[in-house]
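The structure appears below as structure tokens.
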Amino acid sequence: MTALVWFRRDLRLQNNPAWAAATRGHDHVTALFVLDPRLWQAAGPVRGPQLAAHLVALDEELGRAGGRLRVVPGDPVSVVGRCDADQVFWNDDYTPYAQHRDGAVAAALGPRAQRFHGSVVHAPGSLLTKTGSPYRVFTPFSRAWAQRRLPEASMPGATTISIDVGGGIPEAGPPLMAGGERAAADRLSEFLDVVDDYVELRDRPDVAGTSRLSADLKFGTISPLDVIAAVGEATPGRAAVVRQICWRDFWAQVMYHLPATVEHPMRPEYESMEWRNDRDEFRAWCRGLTGYPIVDAGMRQLLAEGWMHNRVRMITASFLAKDLLVDWRWGERFFRRYLVDGDLAQNVGNWQWVAGTGADAAPYFRVFNPVTQGRKFDPDGSYVRRYVPELRQLATKLIHAPWEATPLELLGAGITLGDTYPAPLVDHSEARERALETYQAARSRGSA
């Protein structure tokens, strides 16, 4: 009996349900990755190199077991759907594109298709409300999620693995981080040194208080079950990390059940939102030139590193959608292109949350004040100084609001507002009032 394992967002051998089932039940297994041109082109300047690094590492892991990773460019429906293996195994993905693709492959394979769930804890559709509908609010979902028994770990078996490498792994430049499941395990191990302080540190972009495992979970170089097993819930910090894993499952099931949320607000009253969509202001936001230091620091970190601290993601997203009244979909697509952990379900879910248009959304009247947020979570300004070096010499009391400095203070710091650093694009207080009026108007039209 021969098997083919189609790797996608599960680039690991350990605790991989599809790989475990195939290797336990077949004498010969082919490990396949299909280089889908549509997804490869969409991977962007950061995820492309990171994906290639993970594929190299997966090939090395397979080499230790006597095999190789076969990489084939092309349409997965043609490549996988026409293979001659006795059975084909994969772990499901839940985006609209993936559901359509996987359905087409499964239809082509018929009973040979063996589908598993290796990228989430509890598969979308396995947790429903008492009325049989998908959850739209996180808190009741999290209660049901926590009460459900965790799946058993998936242990691979011994088998002969194909040594056919296909077309080989494409060259893609240096990755943001070391690739593969061993590197992911190392990152988890490092995080365990600070996990007990997670509640206190997770909102501080100026310190290393988060796991940085979001990209590993996106590519599947680590199982969310392994993160939960390693972290546990013995302290508030550890329980808060597990809660983040639950949020990840929540957004996956929202997208699975409501794929239209990629392009449409979940709350229909906001379908008629009158976004300003000023392209010059959007470009300034993209480049980190809004005149609000914490916003600019976050956007510049994204462009420089392909990653942004989660608290700053919320601040920058709120500034775009509410202060500038630029359609959240513009920001979501920009983030998705440049984030190494750019995951459609997580990205869309969180952007709609901040914009107030989606599941469990923040109230429309919650508008992050970038100055207050900066002073609270970057109290000595070290995060801003790292990514907005033109403000480096400014006093801490002024670094989150340089326009409050006197001409002499600006001169002493080498700053000319509107020249060496931009003046604020908008007055936050005025922009907040404008946003509230716009949201209220959309809500009135939606309920009419």
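Throughout, numbering of the chain's residues begins at 1 and tracks the sequence.
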message: Quick one, Leu69 with Glu61, criterion side-chain contact (heavy atoms from CB on, under 4.5 Å). Give me CA distance, side-chain angles, the key distance, then yes/no.
response: CA-CA 9 Å; Leu69 177 66; Glu61 290 295 332; over 6 Å; no

- request: Decide side-chain contact (heavy atoms from CB on, under 4.5 Å) for Arg279 and Val326; before the verdict, give the C-alpha distance in whole Å, the side-chain angles of both, and the deciding distance to 0.1 Å.
  value: CA-CA 9 Å; Arg279 292 189 178 276; Val326 170; over 6 Å; no

- request: Tell me, with the steps shown, if His309 and Thr316 meet side-chain contact (heavy atoms from CB on, under 4.5 Å).
  value: CA-CA 10 Å; His309 187 277; Thr316 55; over 6 Å; no

task: For side chain to side chain donor-acceptor pair (under 3.5 Å), just list the numbers for Gln244 and Tyr198, CA-CA rounded to whole Å, side-chain angles, deciding distance to a tenth of an Å, and then say yes or no.
output: CA-CA 11 Å; Gln244 294 303 308; Tyr198 181 70; 4.6 Å; no

- prompt: Checking side-chain contact (heavy atoms from CB on, under 4.5 Å) for the pair Thr2/Leu4: CA distance, chi angles, key distance, verdict?
  reply: CA-CA 7 Å; Thr2 62; Leu4 182 145; over 6 Å; no

- prompt: Passes salt bridge (Lys or Arg N to Asp or Glu O under 4.0 Å), Arg38 versus Asp36? Steps please.
  reply: CA-CA 5 Å; Arg38 173 171 172 173; Asp36 183 338; over 6 Å; no

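No more than 12 heavy-atom neighbours from other residues, nucleotides or ligands sit within 6.0 angstrom of OH on Tyr256. Under a cut-off of 6.0 angstrom, the local environment of CE in Met1 is crowded, with over 12 non-hydrogen atoms contributed by other residues, nucleotides or ligands. Crowding of Leu436 atom CG: a count of heavy atoms from other residues, nucleotides or ligands under 6.0 Å exceeding 12. In the displayed structure, Arg64 atom CZ is contacted under 6.0 Å by more than 12 heavy atoms of other residues, nucleotides or ligands. In this structure, Arg287 places its CZ atom where only 12 or fewer heavy-atom neighbours from other residues, nucleotides or ligands lie under 6.0 Å away. The number of heavy atoms from other shown groups lying within 6.0 Å of CD (Glu200) is above 12.
Checking side-chain atoms of Arg267 against main-chain N and O of Gly358 turns up a donor-acceptor pair under 3.5 Å. Using modelled atom types, no side-chain atom of Glu233 and backbone atom of Val242 make a donor-acceptor pair closer than 3.5 Å. Remark: the backbone N or O of Ala31 is not paired with any side-chain donor or acceptor of Arg68 at under 3.5 angstrom. When atom types are taken as modelled, the side chain of Thr23 and the backbone of Gly157 share a donor-acceptor pair closer than 3.5 angstrom. Of the possible donor and acceptor atoms, one in the side chain of Asp378 sits under 3.5 Å from a partner among the backbone N and O of Tyr383. The closest donor-acceptor contact from the side chain of Asp10 to the backbone of Arg8 lies under 3.5 Å.
The aromatic ring centres of Phe89 and Trp6 sit 6.0 Å or more apart. The six-membered or imidazole ring of Phe319 lies away from that of Trp285, with a centre-to-centre distance of 6.0 Å or more. Ring centroids of Tyr270 and Tyr439 are separated by less than 6.0 Å, placing the two rings close together.
Donor-acceptor pairing under 3.5 Å is lacking for the side chains of Asn91 and Ser119. Between the side chains of His26 and Gln87, at least one donor-acceptor pair of N or O atoms lies under 3.5 Å. For the 3.5 Å distance criterion, the side chains of Tyr97 and Asp102 fail to qualify, holding no donor opposite an acceptor. A donor-acceptor contact under 3.5 angstrom links the side chains of Asp92 and Trp90, judged on distance only. Side-chain polar atoms of His428 and Asp323 form a donor-acceptor pair below 3.5 angstrom. No side-chain N or O of Tyr94 forms a donor-acceptor pair with one of Gln253 less than 3.5 Å apart. A donor-acceptor contact under 3.5 angstrom links the side chains of Arg445 and Ser272, judged on distance only. Residues Gln352 and Thr357 bring a donor and an acceptor atom of their side chains to less than 3.5 Å of each other.
Residue Glu274 holds its CD atom at 12.0 Å from CD of Glu437, rounded to the nearest 0.5 Å. Interatomic distance, Asp216 CG to Gln50 CD, rounded to the nearest 0.5 Å: 7.5 Å. Rounding to the nearest 0.5 angstrom, the gap separating the CG atom in Leu289 from the CG atom in Asp280 is 12.0 Å. To the nearest 0.5 angstrom, Thr221 atom OG1 is 7.0 Å from Leu11 atom CG. The distance from atom OG of Ser223 to atom CD1 of Ile228, rounded to the nearest 0.5 Å, is 8.0 Å. In this structure, Leu62 CG and Leu55 CG are separated by 10.5 Å, a value rounded to the nearest 0.5 Å.
Shown here for Ser162 and Thr30, the closest heavy-atom pair between the two residues is CB-OG1, 3.5 Å. Across every non-hydrogen atom of Val295 and Pro370, the tightest pair is CG2-CB, 4.0 Å. Looking at every heavy atom in both residues, Met266 comes nearest to Leu258 through CE-CD1, 3.4 Å. Nearest heavy-atom pair, Glu271 versus His264, reported as atom, atom and distance to 0.1 Å: OE2-ND1, 3.3 Å. Listed here is the closest heavy atom pair of Pro151 and Val121: CG-O, 3.3 Å. Here the closest heavy-atom approach between residue Arg12 and residue Pro17 is recorded as NH2-CD, 4.4 Å.
Residues Phe219 and Arg47 have side chains in contact (heavy-atom distance under 4.5 Å, counting atoms from C-beta outward). Side-chain contact between Tyr292 and Gln373 is absent, with no heavy atoms from C-beta onward closer than 4.5 Å. Between Lys376 and Asp203, the closest side-chain pair of non-hydrogen atoms is not below 4.5 Å. Arg313 is not listed as a side-chain neighbour of Asn350, based on a closest heavy-atom distance of 4.5 Å or more. No side-chain heavy atom of Met308 sits under 4.5 Å from any side-chain heavy atom of Tyr338. Considering only heavy atoms from C-beta on, Leu425 comes within 4.5 Å of Leu324 through its side chain. Taking 4.5 Å as the limit, every side-chain heavy atom of Arg187 sits out of range of all side-chain heavy atoms of Ser211. Residues Pro224 and Val120 have side chains not in contact (no heavy-atom distance under 4.5 Å, counting atoms from C-beta outward).
Using a 30° and 60° split on the angle between ring planes, Tyr135 and Phe141 fall in the perpendicular class, above 60°. In this pair, Phe335 and Trp351 present their aromatic rings perpendicular. The plane angle is above 60°, beyond the 30 to 60° band. Trp19 and Phe7 have tilted rings, their planes meeting at an angle from 30° to 60° on a 0 to 90° scale.
Between Asp196 and Arg238, at least one side-chain N (NZ, or NE/NH1/NH2) sits under 4.0 Å from a carboxylate O, which counts as a salt bridge. Using a 4.0 Å cut-off between charged nitrogen and carboxylate oxygen, Asp327 and Arg329 count as a salt-bridge pair. With respect to the salt-bridge test (charged N to carboxylate O, under 4.0 angstrom), the residues Arg70 and Asp164 qualify. Ion pair Arg333/Glu263 flagged as a salt bridge, since at least one NZ, NE, NH1 or NH2 atom sits closer than 4.0 Å to an Asp/Glu carboxylate oxygen. Here Arg182 does not pair with Glu60 in a salt bridge; the nearest charged N to carboxylate O distance is not below 4.0 Å. Under the 4.0 Å criterion applied to side-chain N and carboxylate O atoms, Asp93 and Arg9 are assigned as salt-bridge partners.
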